[in-house]
Structures are given as structure tokens and as C-alpha cells.
Amino acid sequence: MSTPAVITTVQAMQQQSDAWRGAGLRVGLVPTMGYLHQGHLSLVERCRQESDRTVVSIFVNPLQFGPSEDLAIYPRDLDRDLKLLEEYQVEAVFHPPAEEFYPEGFSTYVEVEGLTQGLCGAFRPGHFRGVTTVVTKLFTAVRPHLAVFGQKDYQQSAVIRRLVRDLNMGIAIVVAPTVREADGLAMSSRNLNLSEAERRRAPGLYQTLCQARESIQAGERDAGRIVARMRERIGRELTDRIDYIEVVDPDTLEPVAQIESAVVIALAVRLAKARLIDNVLVEPASS
Ligand code: PAF
């Protein structure tokens, strides 16, 4: 067990990565905003399996938070994160200060069109522009061969795949399965913002997704009916502040009306202080 080296400047990160690459080693990156939980650690584990050197970036990216979002209360604890990473044989943690990463006069942004319009993009203007800009910067700082993202942020992983393809970045994007609490709630740093009562009811989100998946597997093909049933249950049991519940194509993220092939059912809801997202990928049983 050893504490990973903490690298705080882009230049030092690039030098380290170039040295590894020069020695023929495969460099993997797990981008995070810190306050790590088992979900992040499963991405780290996956990265270690697929690379020779693992870098975890910890950077709470102000660009991806809207003015009324939770940047100020986003949890941060670097010492705790480093301790958690000790047993994962991570070679480096890249943790640049915001002033280093976004210097005075910073004015270059990266934007993926289309895929970022719907789902979370419709409710969080500028969010994905912030994500694709920071991920591009993390990629040019860490110069990884591969990067691992979680399926919980399905839209984010689809957007990153498109970014890498469109800009010929030559980085393999690995999307790892969502890690869940024992009661099914998808792990997220934002779960900390749930009240006790909300936390007790929150697993209903995943149960609703599973119910929808079962109905598709039992032959339901009408996405509108599935969404209506989900809305009714979530509204009754958890919250009526539903940003969206949608059945979409896994690649284009376009809404699907009649389910004929694989779909993603994705949702986002708001509670008092937390906004929760979750999704399942569903293959309809062939008839
Ligand atoms: O998924 C996240 O935690 C963030 O969006 C990411 C990819 C680390 C970019 O800030």
C-alpha cells in the first residue's frame, strides 16, 4: 500500500506521462471530482486492469456547474481520497488548483453539439460544454491511452465518446457499469445531500427503472406508456420535481417512441438539495 504521488501542475503531469509512454507503458486516466466512493473505486480498479499506470484526476470543475447549482456545497476532502486510493496502486493523482487549470484570460471551450441538447443538457445549460472542455484539458495534461467513465452518467459517456471520435484524440473510452448501494440506489457524491427520508425513498428510482426494463422484456413496446407509468410511481413515492424520464437510442440519445432494439431509459429528478440521475440499458427480448 502506498500513497499516490500528487501532481498539481500540467507541466509535471505531462512530463510524468511522457516518461511512462516513452518506456512503453500504457497510461490510464479516471477523471473525477473527488470525494471518492465505491463507484469511483470500481472505475479505478477497471483502469488498473487495462493499463500499466493509473492516474486519477481530482478536480471540482467550476465550468460544469450552473449559477444555481451545488458547486459551493460539493464535498471535497483530498486527504480522505488519497487514503482511499492507497490500496488501489494508483501511481498519480492529478489535482491542479483552479487558477492553474483555468488561468487568467482562459477563453477556449470545447462543445459537442446534438448529443448534448436533450436529457440533462436541456436542464443544465452549459453543463456539457464545461465537461467536454475540462475533459479535453485533462486529456492533454495526462495524455492517457485510455480513460474510464461510469455508466451512471450515460449521456456524459456518450458525449465523451463522440468528442474523442470527432477530434481524433486516439484515446480508448471505457464505460464501466454503475455501482449501487445494497438497496439499489446508484452511488453518487450527491447522495450525501439527501435527507434521511429522501434517502429511504431514493431506491424507488432504480426499482422503477427495473420495472420498466421488465415490462419491455415482457413485450411492452410503447415508450410513452412506460414513461407514464414511471412518472406516476416516482411522483407518488418520491418527488414531483421530475426533470425528465425518457426512453432513448443508446447512440444518438434521440427519443424512441416504439421500442424495436436496445434502448436506454434515463431519468433525472430533483429533491430538496440533490439532483439524482440514473439509467438502465435494455435489450428487448427477441420475439
Ligand atoms: O463525472 C464527473 O465526475 C465529471 O463530470 C468529470 C468527468 C470528472 C469532469 O469534471
Side-chain angles (χ1 to χ4, degrees), residues 7 10 13 28-44 46-47 54-66 69-78 80-81 84-85 90 92-98 100-102 106 108-112 115-116 119-121 123-142 144 146-164 167 169 171-180 186-193 253 266 268 274-279:
I7 299 178
V10 170
M13 188 65 250
L29 169 66
V30 181
T32 81
M33 297 205 295
Y35 216 79
L36 305 179
H37 51 64
Q38 217 41 54
H40 296 112
L41 296 173
S42 76
L43 306 183
V44 173
R46 180 71 182 268
C47 191
T54 293
V55 179
V56 174
S57 64
I58 297 183
F59 180 68
V60 181
N61 173 35
L63 277 193
Q64 69 189 76
F65 290 79
E69 292 184 349
D70 54 356
L71 176 61
I73 58 163
Y74 202 86
R76 296 165 169 87
D77 190 341
L78 182 64
R80 174 188 170 280
D81 289 344
L84 280 173
L85 289 172
V90 164
V93 164
F94 179 51
H95 180 57
E100 151 84 14
F101 221 39
Y102 295 121
F106 181 85
T108 304
Y109 299 88
V110 181
E111 193 154 5
V112 171
L115 284 182
T116 56
L119 304 176
C120 287
F123 294 87
R124 303 185 69 190
H127 168 70
F128 284 112
R129 180 187 195 238
V131 169
T132 43
T133 301
V134 80
V135 167
T136 303
K137 282 180 65 67
L138 291 169
F139 285 172
T140 54
V142 178
L146 73 110
V148 187
F149 293 83
Q151 194 200 310
K152 189 185 76 106
D153 291 281
Y154 190 90
Q155 186 175 18
Q156 171 171 278
S157 60
V159 168
I160 303 293
R161 275 200 303 255
R162 183 65 62 85
L163 165 79
V164 164
L167 297 186
M169 288 178 169
I171 297 169
I173 300 301
V174 176
V175 180
T178 304
V179 178
R180 300 182 179 280
M187 287 195 186
S188 163
S189 313
R190 292 188 162 102
N191 294 348
L192 286 175
N193 297 330
L253 305 185
R275 180 175 185 275
L276 301 183
I277 58 172
D278 202 351
N279 67 80

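Worth saying up front: this structure is predicted, and the values here are computed from it rather than measured. As the structure lists them, so they are numbered: ligands from 1, and atoms in each ligand from 1.
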Could you give me the CA-CA distance, side-chain angles and deciding distance for Q151 and S157, then say whether side-chain contact (heavy atoms from CB on, under 4.5 Å) is met? CA-CA 7 Å; Q151 194 200 310; S157 60; 5.7 Å; no
Distance-only, no hydrogens or angles: does the N191 side chain make a donor-acceptor pair with backbone N or O of A186 under 3.5 Å?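 Checking the backbone N and O of A186 against the side chain of N191, a donor-acceptor pair under 3.5 Å is found.
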Taking T132 for the side chain and V110 for the main chain, is one N or O donor matched with an acceptor at less than 3.5 Å?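 Yes, because the side chain of T132 sits within donor-acceptor range (under 3.5 Å) of the backbone of V110.
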So if I count the atoms of ligand 1 from 1 in the order they appear, which ones are less than 4.0 Å from some heavy atom of [X]?
{"X": "T32", "result": "8 (C)"}
{"X": "V134", "result": "9 (C), 10 (O)"}
{"X": "P31", "result": "8 (C)"}

What I want to check is whether the side chains of N61 and Y102 have a donor and an acceptor closer together than 3.5 Å.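 Checked: N61/Y102 side chains pair up, N/O donor to acceptor below 3.5 Å.
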Would you tell me which option among K137, Q156, K152 has the nearest heavy-atom contact to atom 7 (C) of ligand 1?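 When every heavy atom of K137, Q156, K152 is considered, Q156 comes closest to atom 7 (C) of ligand 1.
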Identity and separation of the nearest protein heavy atom to atom 3 (O) of ligand 1: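 Its nearest protein heavy-atom neighbour is M33 CG, 3.8 Å.
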Students should be able to answer this: which protein heavy-atom is nearest to atom 4 (C) of ligand 1, and at what distance?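 Among all protein heavy atoms, the one nearest atom 4 (C) of ligand 1 is Q64 NE2, 3.6 Å.
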Residue among L115, V175, V112 satisfying side-chain contact (heavy atoms from CB on, under 4.5 Å) with R161: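 Only match with R161 under side-chain contact (heavy atoms from CB on, under 4.5 Å): V175.
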Could you walk me through whether T136 and M169 pass the side-chain contact (heavy atoms from CB on, under 4.5 Å) check? CA-CA 9 Å; T136 303; M169 288 178 169; 3.8 Å; yes
Using a heavy-atom cut-off of under 4.0 Å, does the side chain or the backbone of L138 touch ligand 1, or both, or neither?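 Neither; no heavy atom under 4.0 Å.
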